[in-house]
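Below you'll find the structure, written out as structure tokens, and then a few comments.
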Amino acid sequence: MIGTLETGYGVWSALYWLLGLVVLFIIVYFIYSLGGKTVKASGDKGKPFLSGNEMEKEKIHVKASNIYWGFTEALKSYYTPLKGGHTGNINDYVSWFVVVLAIVLILAGGL
Amino acid sequence: MINEHLPALIIGIPLLAAFATPLISKINDKLRNIFVIGILGATLCLVISLAFNVFNNGIFVYVMGAKSPGLTLPSGYKMPVRIILEVDGMSIFMAIITSIVSLLGAIYSWAFMHKETGKDKYYTLLLILAAGMFGMEFTGDMFNFFVFLEITSIAACGLVGFRINRGESSEAAFKTMVMYTLGALFVLFAIGILYGEYDALNIATLASRIRYTMLDKIALGLLVTGLAMKAGAVPMHMWVPDAYAEAPAPITMILVANSQASLYGLFRVCFTLYGLTISTYTLGWIIIILGVLSMFIGVTMALIQKKIKRLMAYHAISQTGYMLLGVGVGLAVLSDANALNTYGLKAMEGGIFHIMNHAMYKGLLFLTAGAVIYATGKRNLNELGGLAHKMKFTAIFFIIGAAAIAGLPPFNGFASKLIIYESVYKFNPMLSVIAMLVSILTLASFVKVFQSAFLGPEIIEVKKEPKSMIFAMLCLSVIIIAFGLFPDIVVDKIVAPAANALVNSMQYIAAILGGA
Amino acid sequence: MIDNLPFIACAILVILGLYTLTFKRNLIKIVIGLNLVESGVNLFLITLGYKSNAVAPIYTMAAKEEMVLPTPQALTLTSIVIGLATTALILSFTILIYKHYKTIDASKVRRLRE
């Protein structure tokens, strides 16, 4: 069958996957169509809020550096040395190269 | 007639055209663009016809300026002395990637570089870069490999530092050039050691003579480190975000292919040159560890980036880790025939398939980033927002690229990553778990880019993206979706021959030495 | 031991170059360090083909004497040309960096980091 890929443990076929997705979509759409339209969009509904205050639409856009704030804050002890390591100094680039060269030579020499 | 000289033509046509480009530039800018695109299109056709030749007839050996590679002395002593181009499944696989990427890069450049000056030099360097990559992939000679490596280094750094009005791009070019040159010099040192020991520069001859002395080990270490550095393995990756972020977007796409060409060199050295003589278990683990480090540190650094192209550059490092992991597992079990057949070869197929997928979707992502920078003039994600209102096409292409890199079905990234997960799991479950975790973090960071750049209210002025840029992105998207829907055809037709070519290094040697 | 002296000299040159690349902050000195590594490698290649009391490998009008191995010389010549190109390019980048940053101190030329 075209589109069936042997993956070493089993098989993968994107076409079957798409077929499943279509079936799933039909079921979901069927359930969705059973519901009645009771919500009326009027008044304050649909206006942008931030912490309970109504804001300008332009101001509620979450900036990129705020998105994973919690993640980076929790992993601060990992990120601080990692950021510190990327100094942007060409001497450090070369030192890393020399260090890896030494390690590889030792490992390759021992095998 | 033309069929006999295909490898030489594929290297020679872009190289000669490169030096004709400034002359044609004098006549007309448009004519020059058409000329460059035409040359790269012709090269793509030649590569495809060579590919059919290689897949049907096996390894293609081309000797520069003579009929046979060898020179027979009156005493009956035979040795290959001439410059040889040897094209096997792996070489042609890399050449297909290179030719597609450089053609689309030239098409994209038409509109992208429209307002810049010095375009004649830009296209000259682009063609030289393409020729150098073809040379690296086709050559059967170690010193030739070094020469082509340096050709790509010089052309690539000239292009990274192309925008001399920005101090940052000069800085990036300087750092990249120092690293590239240093790596290439150590490669040359290793070639010198091998030449001094075995009196040959030809890869096949060297591979048949290598005895694995202490000097060979030193040469192996130098080659692996130098080439892994140019491929961008952590912790020698720091030049990658600098260079990729500062180069013009189409060039960044070609730089990805350039890094992969040196990845090819690394695999060629490990498998063909040293694969016959040594137990490659430790070497395999060195490459696996480099790969895992690249995957993990690359993706965690990408998560906190604020500049759009720098973020994608860190992802390029992270994805290189997958290729190193897949092929490294194959290398570690190379001498164990049972393990190689159950999962090693599959892992290599996954890694090699990922090379092609990566070139396509990372190229697409860099092109969308280029379109964003072109349309807004801003590189910082914090200043972007609501681009999807005006740049609908770019937004769609970005979704396709991001889904492919994060390994969401049914795109091509999923197919290759699935092969890597499943076959690596049999080798060592922990590696597979790390690979999946990295995939999740990749998705997370592209969600961040999509949310902050494309969604939200319109907060900045946006130009519409020109047609030639849309066309290049569309081609890549079509390739990504086609590879995602029919991965089996790609794997059977072009990936499996490449993996087999690496594993059966005996064939590569026999093609030159005539079964000796 | 005395035969290995040229090789030891090459190794010392390469190590000196690496030292310069790692510890000197002046960008021009970094370029010099790169050239030191390159000279070490080039000398190593030349040393490989050396033969004492031999003449240059030029066949035209040559006497019937022993010649040194020509291949390493061809390699070195190529490598020198490549080295010239890289040095020229890299120095021109240094000039541009000085124009934009008004310094060539490597610890200050690092707007691209993290």
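In this text the structure is predicted, and so the values were computed from the model without any measurement. Convention: sequence-line order gives letters A, B, ...; per-chain numbering from 1.
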How many angstroms lie between [atom1] in [X] and [atom2] in [Y], if you round to the nearest 0.5 Å?
X         : Y         : atom1 : atom2 : value
Phe97(A)  : Leu182(B) : CZ    : CG    : 5.0 Å
Trp239(B) : Ile90(A)  : CH2   : CD1   : 11.5 Å
Leu107(A) : Ile286(B) : CG    : CD1   : 4.5 Å
Asn382(B) : Asn66(A)  : CG    : CG    : 7.0 Å

Structural part of Leu101(A) lying under 4.5 Å from a heavy atom of chain B:
both
With a 4.5 angstrom heavy-atom cut-off, is it the side chain or the backbone of Tyr93(A) that approaches chain B, or both, or neither?
both
Please state whether the side chain, the backbone, both or neither of [X] comes within less than 4.5 Å of a heavy atom of chain A.
X         : result
Tyr425(B) : side chain
Ala444(B) : both
Leu345(B) : neither
Leu384(B) : backbone
Asp242(B) : side chain
Glu458(B) : backbone
Leu441(B) : side chain
Ile218(B) : both

Between [Y] and [X], is there a side-chain heavy-atom distance shorter than 4.5 Å?
X         : Y         : answer
Met179(B) : Trp96(A)  : no
Leu18(A)  : Leu485(B) : yes
Leu303(B) : Thr72(A)  : no
Met238(B) : Asp92(A)  : no
Ile419(B) : Leu5(A)   : yes

For chain A, which candidate among [options] shows the most heavy-atom pairs at distances under 4.5 Å?
options                                    : value
Tyr421(B), Tyr343(B), Tyr314(B), Phe411(B) : Tyr314(B)
Asn380(B), Val449(B), Leu222(B)            : Leu222(B)
Glu349(B), Met301(B), Met229(B)            : Met301(B)
Trp285(B), Phe296(B), Phe174(B)            : Phe296(B)
Ala453(B), Pro409(B), Gly385(B), Pro487(B) : Pro409(B)
Leu418(B), Asp216(B), Val447(B)            : Leu418(B)

Within a radius of less than 6.0 Å around NZ of Lys306(B), do more than 12 heavy atoms belonging to other residues, nucleotides or ligands occur?
no
Please check if the number of heavy atoms outside Lys448(B) that lie under 6.0 Å from its NZ is greater than 12.
yes
When the ring planes of Trp12(A) and Phe414(B) are compared, do they come out parallel, tilted or perpendicular, using 30° and 60° as the limits?
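Geometry flag for Phe414(B) against Trp12(A): perpendicular rings.
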Compare every heavy atom of Gln451(B) with every heavy atom of Ile67(A), then report the nearest pair and how far apart it is.
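Ile67(A) and Gln451(B) have their closest heavy atoms at CD1-OE1, 3.2 Å.
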Gly484(B) to Ala14(A) - nearest heavy-atom pair and separation
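Closest approach of Gly484(B) to Ala14(A), heavy atoms only: O-CB, 3.3 Å.
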Backbone N/O of Gly88(A) and side chain of Lys175(B): donor-acceptor pair under 3.5 Å
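Confirmed, Lys175(B) side chain pairs with Gly88(A) backbone.
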Side chain Tyr78(A), main chain Thr300(B), donor-acceptor under 3.5 Å
no
Report the C-alpha distance between Lys83(A) and Ile304(B) in whole Å, list the side-chain angles of each, state the deciding distance to 0.1 Å, and finish with yes or no for side chain to side chain contact (heavy atoms under 4.5 Å, CB included).
CA-CA 10 Å; Lys83(A) 272 186 183 171; Ile304(B) 57 169; 3.4 Å; yes
